[in-house]
Amino acid sequence: MIGTIRKHSALLWWSIIPITILSFVWFMGSGPGLSGGGRASSGHGTIYGQPVTAQDFQQAQHEFFIFYWTRYGQWPDKDASLDRAAFDRETYKRLLLSRKAAQLDIHVSDEALATAASEFLRSINRNGQAVPMQKFVEQVLAPEGLTVADLQHFLRDDLAIQQMIQTLGLAGALVTPQEAGLLYDRENREFSAQAVFFAASNYTAQVTVTPAAVAQFYTNNMAAYREPDRVQVNYVFYNVTNYLAASKAEWEKTNFSEYVDAVYQEHQSEFADAKTPDEAKAKIRDLLIRNRALDDARQQANGFATALFAIDPVKPENFANLAAKDKLTIRTTAPFSENYGPEEFNAPAAFNKAAFELTADVPFAGPIIAADGIYIISLAKQLPSAIPPLEQIRSRVTADFKDQATMALAQRAGTNYYNALTVQMTAGKTFAQAAIASGQQPVLLPPFSLSTSDLPELENRATINQLKQAAFTTDPGHISKFVPTSEGGFILFVQQLLPVDEAKKNAALPQFMAQVRRSRQSEAFNVWLQTEANRELTDTPLFKQANAGAAPQP
């Protein structure tokens, strides 16, 4: 055993958030990724000699979704740069780490888990107060089909992984004060610099747009306009708002006020954002009414779905016929891709996944639970990947043509100016003199270093990383080469390197050294993880598919 966080059963996770059970029990069991029970499944391979079940894989994928959201503020299935292979790779990585923690007998106590949950809910609120758990579930997790149980698994596994990083990456923590001092100087020594910027927007008047030029541009860039596979679905929607009045009436037949008071007394800490007890109780009252309304909507949707799936033979028109019989309104989405979902409403990930699994043989799906109601869907049309004709997207192509043309002009001007500037500075002119003589406006930038995270004076003309890269690779007293950017480009003149503030350095060095050690620990841990993954994940489908090439990176 390399480490244990004490385990106690007295403080259970559900004691922290029992109100969530009342409010979101119907979200349990749905979510992004694969579904299935705990049966051993050879389809997911083995890790450390043990089979990966469908349930194991699904849980790890849910954890990856939450991990990604905490790091990047969006769900991975909404990131067009991530594909299925990336999802699976990260899922298997979490599975491996979870099983390694179990092998090493790393345990996370319920007390540690409760503390982590509290800190997590505080960390996602700008004012430093904890976000109420029910609000986090309702607004963040539930629309993606994720649950409190998924968050629990994520936090528990993350605590175990952090302990593994500290232990397995221990060798990386060996950093001397002298080495830390040199690293501090490198990252915090400031550059004094000037720049000349070339904005593409300044060259718009020089671009001539003709039908022939736009057509040629379209022909040369057709692949960029390819639409992904899309689907169009019909749906009926059981809106929770239609059931609120009935729910409220049912609650009023009970000792509702006394029940709300009792819930508040037991869980008032979860409503820290409420200004008064009455405001907190109003939120509890609304929550309970909404929960019952959602349950009523779900029951009616279940009745429709049961009748729909019972009709034999299965035909697409069954959906419309049954909806008409039940006097339900059918709506149709515009075509949408799996990554982005319908544009008419914010669909949960389960909606998009179900829509793309519809076929002529299985044209219906649902009920699909969302935060604001229940969906049942029917296949309307499948649109395979295709390139739209020019006339259909002419305005878009024309705008792209203009953007590329102005960018080319700006970057050509910047490259030519670099050559002229080099000659003039060699002849003895200063950077500013040469710029003004050429009709350019030099910009004096405030001092910045490699640790600078933002520089408002850039005004979106370049990224801070582009600026730092140019400065770090240019000797003081010299100019950088022309640096292309998304807005045009720039040339940087590094005037000098400013001396480090020794008093500030001495005050910051202890914390800086701790950060370096943590970073080195993570690097050492990642080396271990790479080796472990290359050995232990060879029996998984993802890695078997990569047999012909290099082993995938974890």
Side-chain angles (χ1 to χ4, degrees), residues 68-74 76 78-82 123-124 126 180-203 403-404 406-415 417-418 421 431-432 434-435 440-502 504-505 507-509 511-520 522-523 526:
Y68 194 90
W69 182 88
T70 62
R71 296 304 187 275
Y72 303 107
Q74 67 171 330
K78 303 299 190 296
D79 187 341
S81 67
L82 294 179
S123 71
I124 59 178
R126 292 182 178 178
L182 292 174
L183 289 172
Y184 180 92
D185 290 347
R186 179 180 181 273
E187 293 191 15
N188 292 278
R189 194 170 185 185
E190 292 182 326
F191 296 91
S192 172
Q194 299 180 57
V196 170
F197 295 95
F198 295 83
S201 58
N202 293 336
Y203 297 85
D403 288 344
Q404 188 179 90
T406 55
M407 185 69 68
L409 288 171
Q411 294 182 352
R412 186 181 307 126
T415 300
Y417 178 70
Y418 168 77
L421 185 62
F431 178 79
Q440 302 295 336
Q441 181 61 49
V443 177
L444 178 62
L445 299 171
F448 62 92
S449 69
L450 293 181
S451 64
T452 299
S453 59
D454 186 35
L455 205 64
E457 289 77 5
L458 285 178
E459 299 178 350
N460 297 321
R461 293 175 290 191
T463 68
I464 186 63
N465 286 335
Q466 288 172 325
L467 184 69
K468 290 191 289 188
Q469 177 67 21
F472 191 72
T473 55
T474 303
D475 292 331
H478 292 76
I479 59 172
S480 71
K481 291 188 175 180
F482 175 76
V483 180
T485 70
S486 62
E487 299 297 321
F490 68 91
I491 294 173
L492 186 72
F493 172 56
V494 179
Q495 298 178 144
Q496 61 177 321
L497 273 173
L498 303 176
V500 173
D501 185 329
E502 291 297 327
K504 185 177 179 180
K505 172 182 175 180
L509 199 56
Q511 182 179 355
F512 179 80
M513 187 158 59
Q515 292 173 344
V516 172
R517 286 172 174 168
R518 285 194 296 269
S519 176
R520 294 282 181 85
S522 294
E523 290 174 6
N526 286 333

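These numbers come from the heavy atoms of this one structure, side chains and all, not from hydrogens, waters or symmetry mates. Counting begins at 1 with the first residue of the sequence.
- Annotation: the span from Leu492 atom CG to Gln469 atom CD amounts to 11.5 Å, rounded to 0.5 Å.
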Ignoring hydrogens and angles, write down the donor-acceptor pairs under 3.5 Å from the side chains of residues 191-201, residues two or more places apart or on other chains.
from	atom 1	to	atom 2	distance (Å)
Ser192	OG	Gln495	NE2	2.6
Gln194	NE2	Gln495	OE1	2.5

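- Interatomic distance, Met407 CE to Ser486 OG, rounded to the nearest 0.5 Å: 6.5 Å.
- For Tyr418, there are no ring pair (Phe, Tyr, Trp, His ring centres under 6.0 Å) partners, not counting sequence neighbours.
- In this structure the side chain of Thr474 never reaches within 4.5 angstrom of the side chain of Ile479, judged on heavy atoms.
- Under the 3.5 Å distance criterion, the side-chain polar atoms of Gln411 are matched with a main-chain donor or acceptor of Gly488.
- For the pair Arg189 (side chain) and Leu498 (backbone), a donor-acceptor distance under 3.5 Å is present.
- A search for side chain to side chain donor-acceptor pair (under 3.5 Å) contacts involving Asp403 returns nothing, not counting sequence neighbours.
- The distance from atom CG of Leu450 to atom CG of Leu183, rounded to the nearest 0.5 Å, is 11.5 Å.
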Per-pair distances, 0.1 Å, donor-acceptor, side chain in residues 442-449, under 3.5 Å, sequence neighbours excluded:
from	atom 1	to	atom 2	distance (Å)
Ser449	OG	Glu187	O	3.2
Ser449	OG	Ser451	N	3.2
Ser449	OG	Ser451	OG	2.9

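- Shown here are the ring pair (Phe, Tyr, Trp, His ring centres under 6.0 Å) partners of Tyr72, two or more places apart in sequence or in another chain: Tyr68.
- Considering all non-hydrogen atoms of both residues, Ala180 and Phe512 come closest at O-CE2, 3.3 Å.
- At a threshold of 4.5 Å between non-hydrogen side-chain atoms, the residues His478 and Phe431 do not count as touching.
- Applying the side-chain contact (heavy atoms from CB on, under 4.5 Å) test between Val516 and each of Arg518, Arg520, Met513 identifies Arg520 as the sole match.
- For the residue pair Gln466 and Phe490, the shortest heavy atom distance occurs at O-CZ, 3.8 Å.
- For the atom pair CG of Leu458 and OG1 of Thr463, the computed distance is 8.0 Å after rounding to the nearest 0.5 Å.
- Within a 6.0 Å radius of NZ in Lys481, other residues, nucleotides and ligands contribute 12 heavy atoms or fewer.
- Between Ile464 and Lys468, the closest side-chain pair of non-hydrogen atoms falls below 4.5 Å.
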(request) Test Leu467 against Leu455 for side-chain contact (heavy atoms from CB on, under 4.5 Å), laying out the working first. (result) CA-CA 10 Å; Leu467 184 69; Leu455 205 64; 3.5 Å; yes
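- Without hydrogens or angle criteria, Thr485 side chain to Glu487 main chain gives a donor-acceptor distance under 3.5 Å.
- Residues satisfying the ring pair (Phe, Tyr, Trp, His ring centres under 6.0 Å) criterion with Tyr203, sequence neighbours excluded, are absent altogether.
- Shown here for Ala470 and Val483, the closest heavy-atom pair between the two residues is CB-CG2, 4.1 Å.
- Counting only heavy atoms from C-beta outward, the side chains of Arg412 and Tyr417 never approach each other to under 4.5 Å.
- The closest donor-acceptor contact from the side chain of Ser519 to the backbone of Gln515 lies at 3.5 Å or more, if one exists at all.
- Other residues, nucleotides and ligands place more than 12 heavy atoms under 6.0 Å from the CD atom of Gln74.
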